[in-house]
Amino acid sequence: MLPKHRKLRFELTLFTALVLIFLAARLSAIDAFPPFIDETVHLNYAERIIETASPLEGIDLGRPLTIYWYILFDATAAAPMWVGRAATIIASVITFAAWLAIARLISGVSGMVASAVALTLSTYHLFFERLALADSISAVAVTGAIYAAYRLRFRISTRDAVLVGILLFAAVCAKINVLAYYG
């Protein structure tokens, strides 16, 4: 049996390798799909916020944090579709890492590896996580909230409870359809 520090180092190395494999799978052929109307809407609103300097521009879309995510990466500059998709992949990698952490909490290293294989090879996720859409942006906050809520099962922590609330609020601001997770 490995000493505790070597076991943790092995798990961290494995975790990092799985995340890098996932990133490589998502970055491959990032421009293989033509631009979708929904992607152009998000990027157009980001451009309009920059032009008008109005933070309320596009608020009726119900996705203000998604639009600000694309502004953060300056997706309206050169090659907006590619930059928007790359920003979405960054969010997807964060979500993937959170799912691996949840799987490790639930069923250890074997569960983490099984989850990594399933998520990396999922054709549904491979398609949608390479598009500049709000779903992947809101998934970051939802998955973070699930992770913090699951940790509450083992220990009562005010920090984790507040984190769940903040992340669920951020998820709803990223895409209003996430409102169901408040239940």
Side-chain angles (χ1 to χ4, degrees), residues 15-102 115-148 163 166-182:
F15 180 87
T16 305
L18 293 171
V19 168
L20 290 175
I21 291 168
F22 178 83
L23 177 62
R26 293 306 182 259
L27 283 175
S28 66
I30 190 174
D31 56 351
F33 305 118
F36 288 89
I37 292 174
D38 290 350
E39 290 179 292
T40 60
V41 168
H42 291 119
L43 297 172
N44 182 39
Y45 274 116
E47 188 174 296
R48 285 173 47 186
I49 287 174
I50 292 171
E51 288 174 359
T52 64
S54 170
L56 299 178
E57 186 74 41
I59 199 78
D60 58 326
L61 188 62
R63 297 175 177 130
L65 284 186
T66 297
I67 294 168
Y68 283 107
W69 178 259
Y70 295 127
I71 289 172
L72 176 70
F73 286 94
D74 200 18
T76 60
M81 193 60 61
W82 191 90
V83 172
R85 288 179 175 181
T88 303
I89 289 174
I90 290 170
S92 297
V93 168
I94 296 168
T95 303
F96 178 76
W99 279 121
L100 293 187
I102 293 167
S115 294
V117 170
L119 287 170
T120 302
L121 298 178
S122 168
T123 54
Y124 174 84
H125 290 100
L126 186 63
F127 177 75
F128 280 105
E129 289 174 348
R130 292 191 299 179
L131 300 177
L133 298 174
D135 302 288
S136 295
I137 309 304
S138 64
V140 172
V142 168
T143 309
I146 292 170
Y147 175 73
L163 186 60
I166 290 170
L167 288 172
L168 284 177
F169 175 77
V172 169
C173 288
K175 187 172 183 182
I176 196 73
N177 299 8
V178 176
L179 197 55
Y181 281 97
Y182 273 103

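A quick note: this is a predicted structure, and the numbers were derived from the prediction, not measured.
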Whether Arg85 side chain and Ile30 backbone form a donor-acceptor pair below 3.5 Å: yes
Any side-chain heavy-atom pair of Leu23 and Phe96 under 4.5 Å: no
Point-to-point distance, once rounded to the nearest 0.5 Å, from OG1 of Thr120 to CZ of Arg26: 6.0 Å
Sub-4.5 Å side-chain heavy-atom contact between Tyr147 and Leu163: no
Side chains of Ile71 and Tyr68 in contact at under 4.5 Å (non-hydrogen atoms): yes
Evaluation steps, side chain to side chain contact (heavy atoms under 4.5 Å, CB included), between Val19 and Val93: CA-CA 7 Å; Val19 168; Val93 168; 3.6 Å; yes
Minimum heavy-atom distance Leu126-Ala25, with the two atoms named: CD1-O, 3.6 Å
Side chain to side chain donor-acceptor pair (under 3.5 Å) involving Arg63 - partner list, sequence neighbours excluded: none
Closest approach of Ile67 to Leu61 (non-hydrogen atoms, all atoms of both residues): CD1-CD2, 4.0 Å
Gap between atom OG1 of Thr16 and atom CG of Leu100 - 0.5 Å precision: 10.0 Å
Selection residues 40-55 - residue pairs positive for side-chain hydrogen bond (donor to acceptor under 3.5 Å, both in side chains), sequence neighbours left out: Arg48-Glu57
Spacing of CG belonging to Leu121 relative to CD1 belonging to Ile21, to within rounding of 0.5 Å: 10.0 Å
Candidate pair Thr143 and Ile102, rule side chain to side chain contact (heavy atoms under 4.5 Å, CB included), full reasoning: CA-CA 9 Å; Thr143 309; Ile102 293 167; 4.0 Å; yes
Beyond-backbone contact of Arg130 with Ser92, side-chain heavy atoms, under 4.5 angstrom: no
Side-chain donor or acceptor of Trp69 paired with backbone N/O of Ala87 under 3.5 Å: yes
Minimum-distance pair of heavy atoms, taken over all atoms of Pro64 and Gly62: CD-C, 3.5 Å
Student check: side-chain heavy atoms of Asp31 and Met81 closer than 4.5 Å: no
Any donor-acceptor pair under 3.5 Å from Ser136 side chain to Ala132 backbone: no
Non-hydrogen side-chain atoms of Leu133 and Glu39 separated by less than 4.5 Å: yes
Step-by-step side chain to side chain contact (heavy atoms under 4.5 Å, CB included) determination, Ile89 to Leu27: CA-CA 7 Å; Ile89 289 174; Leu27 283 175; 3.9 Å; yes
Rounded distance (nearest 0.5 Å) linking atom OG1 of Thr123 with atom CZ of Phe128: 10.5 Å
CZ (Phe15) with more than 12 external heavy atoms under 6.0 Å: yes
Stepwise side chain to side chain contact (heavy atoms under 4.5 Å, CB included) check, Phe73 with Ile90: CA-CA 10 Å; Phe73 286 94; Ile90 290 170; 3.6 Å; yes
Minimum heavy-atom distance Thr66-Ala174, with the two atoms named: OG1-O, 2.6 Å
Closest non-hydrogen atom pair between Leu65 and Ala170, with its separation: CD1-O, 3.3 Å
Atom pair NE2 (His125) and OG1 (Thr95), whose distance is rounded to the nearest 0.5 Å: 9.0 Å
Residues which pass ring pair (Phe, Tyr, Trp, His ring centres under 6.0 Å) with Phe127, listed by chain and number, not counting sequence neighbours: Phe33, Phe36
Closest non-hydrogen atom pair between Val142 and Ala171, with its separation: CG2-CB, 3.6 Å
